[in-house]
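Read the structure below first, then the notes.
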There are 2 protein chains.
Amino acid sequence: MDATDRRIIEALQQNSRMTMKELGEVIHLTGQATATRVKKLEDLGVIEGYTIRINEERIGLPIHAMITIYTTSTFHDPYLLFLKEHRQFVRHNYKVSGDGCYLLECRFPTNQELNAFLDGLSKYVNYKLSLVIHQNTQ
Amino acid sequence: MDATDRRIIEALQQNSRMTMKELGEVIHLTGQATATRVKKLEDLGVIEGYTIRINEERIGLPIHAMITIYTTSTFHDPYLLFLKEHRQFVRHNYKVSGDGCYLLECRFPTNQELNAFLDGLSKYVNYKLSLVIHQNTQ
DNA sequence: GCAACTCCTTTCATCATTCAAGTAAATCAA
DNA sequence: TTGATTTACTTGAATGATGAAAGGAGTTGC
């Protein structure tokens, strides 16, 4: 992991579909040497995969919820199972220190779905709901 | 946006570097027809870009903080400027309803950097810190 | 000095992409 | 019904990217 590797990561974060030749031009290496370095970063587990940034509003998921979870019992499995059953809505489930036990990030198509999800959720845990109004990704 | 487009998005979320030919095999189209559909999804703004999943622990950013921000004045610009000056640490700044005004997601190399960041932050806003212990991405 | 290693380049065969041309089906207006 | 238009796809050929093999240059340790 040297400065060149960091520039590879930076460039691939911007556009992971650029060719190894193009990426090589950015970091002043041949496409082949670049591909070898990228392969090494994959093998090291630094690059975990290649994905897309999608506009969730445009695929019908305008509601973005941040839900602080307060587990009532020490037995978290029913809650975790509930998440598994509703994974279509769940983006992240962060186990946190501080306020609450988990911070749950979800996406919903409508308030009806959000409401139904919260109704189900309340069988297992207490929660506090925050809705994202605007997102500023760096 | 039909079922085929949704399958394209699903496949590209798994691996955005697959070839259009490979993707075409998944959705039973030629590489050319697939590339045309992907281009359309880009033009529609559904696909916003191509990026990588990186292991932030392995690039020296093991500390994952969720910071609830309570602005003391109605003038948020000093806080937003502070974020801009420390954008290396900032992943997301969500404007939220509910508890607090913003939910700030950050990454830090060490507790020293986190501490320095919080010292700076406290000049502009009140905050409540949560540290992510474990992350469960769906 | 020499062997082993790392990191890179060059070359070439193979494979993917892209453009142009053409087909087939659906929509629409007369 | 007919003909024009549009949409979505396929095919084929040229261009460009990838990946494997061979080799060069610099570094390290003995």
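The chains referred to below are lettered A, B, ... by the order of the sequence lines, with proteins before strands, and numbering in each begins at 1.
Tested against B:L12 for a side chain to side chain contact (heavy atoms under 4.5 Å, CB included), the candidates B:I9, B:N15, B:I8 yield a single pass: B:I8.
In this structure, CD1 of A:I27 is placed 12 Å from C1' of C:dC8, rounded to the nearest angstrom. Put simply, CG on A:L23 is 13 Å from P on D:dA17, counting in whole angstrom units. In this entry the distance linking CG of B:L29 with P of D:dT7 reads 18 Å, nearest Å. Look at CE on B:M1: it is 17 Å from C1' on D:dA8, rounded to the nearest Å. Atom CE in B:M18 sits roughly 18 Å away from atom P in C:dC15 (whole-Å rounding). A:M20 has its CE atom 13 Å from the P atom of C:dT17, to the nearest Å. The NZ atom of B:K40 sits 9 Å away from the C1' atom of D:dA8 (whole-angstrom rounding). Atom NZ of B:K21 is separated from atom C1' of D:dT18 by 14 Å (rounded to the nearest Å).
A donor-acceptor contact closer than 3.5 angstrom is absent between the side chains of B:Y94 and A:H64.
In this model, no side-chain donor or acceptor of A:E22 finds a partner on the base of D:dG16 within 3.5 Å. With hydrogens and angles ignored, no donor-acceptor pair under 3.5 angstrom links the side chain of B:Q32 to the base of C:dT17.
Distances shown here put every side-chain N or O of B:R37 at or beyond 4.0 Å from the OP1 or OP2 atom of D:dT7.
Closest to the side chain of B:A33, from the set D:dC9, D:dA8, C:dA16, is D:dC9. The side chain of B:T19 sits closest to C:dT17 out of C:dT17, D:dG12, C:dT10. When distances run from any side-chain atom of A:T30 to the nucleotides C:dT10, C:dT17, D:dA8, the shortest one goes to C:dT10.
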Exercise for the section: Please test B:Y70 against B:Y79 for ring pair (Phe, Tyr, Trp, His ring centres under 6.0 Å), starting from the C-alpha separation and ending with a verdict. Expected result: CA-CA 11 Å; B:Y70 303 87; B:Y79 162 67; over 10 Å; no

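Annotation: of the two residues near DNA chain C, A:H28 and A:R17, the 5′-most nearest-nucleotide partner is A:H28.
Shown here is B:K128, whose NZ atom has more than 12 heavy atoms of other residues, nucleotides or ligands within 6.0 Å.
Note: B:R7 CZ to B:T34 OG1 = 10.5 Å, rounded to the nearest 0.5 Å.
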